[in-house]
Q: 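I'd like to ask you about the structure that follows.
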Amino acid sequence: MKVAIFSTKNYDREFLGSANASRHELRFFEPHLDEGTVGLAAGFEAVCVFVNDQVNGAVIAQLHSLGVRLIALRCAGYNNVDLAAATKRGVTVVRVPAYSPYAVAEHTIALMLALNRKLHRAYDRVREGNFSIDGLLGFDMHGKTVGVIGTGQIGTVVAQILTGLGCPTLAFDPIPNGTCRSLGARYVELNQLFAESDIITLHCPLTPGNKYMIDKAAIARIKPGVILINTSRGALLDTVAVIEALKSGKIGYLGLDVYEEEEQIFFEDRSGLILSDDVFARLLTFQM
């Protein structure tokens, strides 16, 4: 099968090429897939895309007209794909069933600990020869209540680690997970989770129903000084509302692995460019 792979980096070429072992004919393209670049897929039977590629109805129509019959996502999320349009055109869509849940869960806990113990600030000070410990006081995770929103594979591993740290865990998910319950996690309504959690961490897919789950109304219900972690999808947060909460101190610590407009920023070296996203630029000014 001839496959056009979009949004590629050197590591994509290395690992996909190694896994392929010459079974398929792979062609790597650096640009994102969108309406302006879809013509690159001419002559290919399949395309392989990533989180920042735009696979909307117009792109799918053009892919279909070019003879593409398979869209393979090298990611678990599929909110950037118009599934109805793909079904209508008879184009098959496949995705990664899951990332290593341990990798994302451990990264989540690392963000919590880095913020709590102010590791990044301490690192910067030591590099500058400043060995003062003023302002670096953290707190014990043990005994702190953590709200886990989304208890699929990743959320479950997060709950396992939190159990080892001695953190009471509240959970919210439309489909409760028996493993989480066996760990001692207590399923509650979202408003109760907001009100009682010292730390809130998001582990759910982005759907039309949960966009901006953390908005101004939700923030009004959370504890002052909460740690908020998002390693799922950027649009789960209303970033402007979060910035206002950071300014007021309602959110005490923010750990993000994702950002709603990340396709214009992430995965590229932009150190020599002007940052034109004012919202993201404001996020970078906060010293946690």
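Counting from 1, the numbers follow the sequence of the chain as shown. Here the structure is a predicted model, which means the values were calculated and not measured.
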Q: What are the two closest heavy atoms between Val47 and Ala41, and how far apart are they?
A: CG1-CB, 3.8 Å
Q: Of Ile149, Leu236, Thr108, which is the lone residue that meets side-chain contact (heavy atoms from CB on, under 4.5 Å) with His203?
A: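 Going through the options one by one, the only one that passes is Thr108.
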Q: Closest approach of Leu136 and Lys118, non-hydrogen atoms and distance?
A: CA-CD, 3.7 Å
Q: Is the ring pair Tyr253/Phe139 parallel, tilted or perpendicular, if the boundaries are 30 and 60 degrees?
A: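 Ring orientation, 0 to 90° scale: perpendicular.
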Q: Pair Val126, Phe131 - check side-chain contact (heavy atoms from CB on, under 4.5 Å), show working.
A: CA-CA 6 Å; Val126 170; Phe131 302 101; 4.0 Å; yes
Q: Is there side-chain contact between Glu25 and Met1, with heavy atoms separated by less than 4.5 Å?
A: no
Q: Within a strict 4.5 Å, meaning less than it, do heavy atoms of the Leu228 and Ile214 side chains meet?
A: yes
Q: Indicate whether the side chain of Tyr259 and that of Asp277 have a donor and an acceptor atom separated by less than 3.5 Å.
A: yes
Q: Taking only Lys NZ, Arg NE, NH1 and NH2, and the carboxylate oxygens of Asp or Glu, determine whether Asp134 and Arg125 approach each other closer than 4.0 Å.
A: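 No salt bridge links Asp134 with Arg125.
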Q: Testing the 3.5 Å rule here: is there a donor-acceptor pair between the side chains of Glu260 and Tyr212?
A: yes
Q: Does some side-chain heavy atom of Leu256 sit less than 4.5 Å from a side-chain heavy atom of Leu254?
A: yes
Q: Measuring only between side-chain heavy atoms, which start at C-beta, is Lys223 closer than 4.5 Å to Asp198?
A: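 Yes - at least one pair of side-chain heavy atoms lies under 4.5 Å apart.
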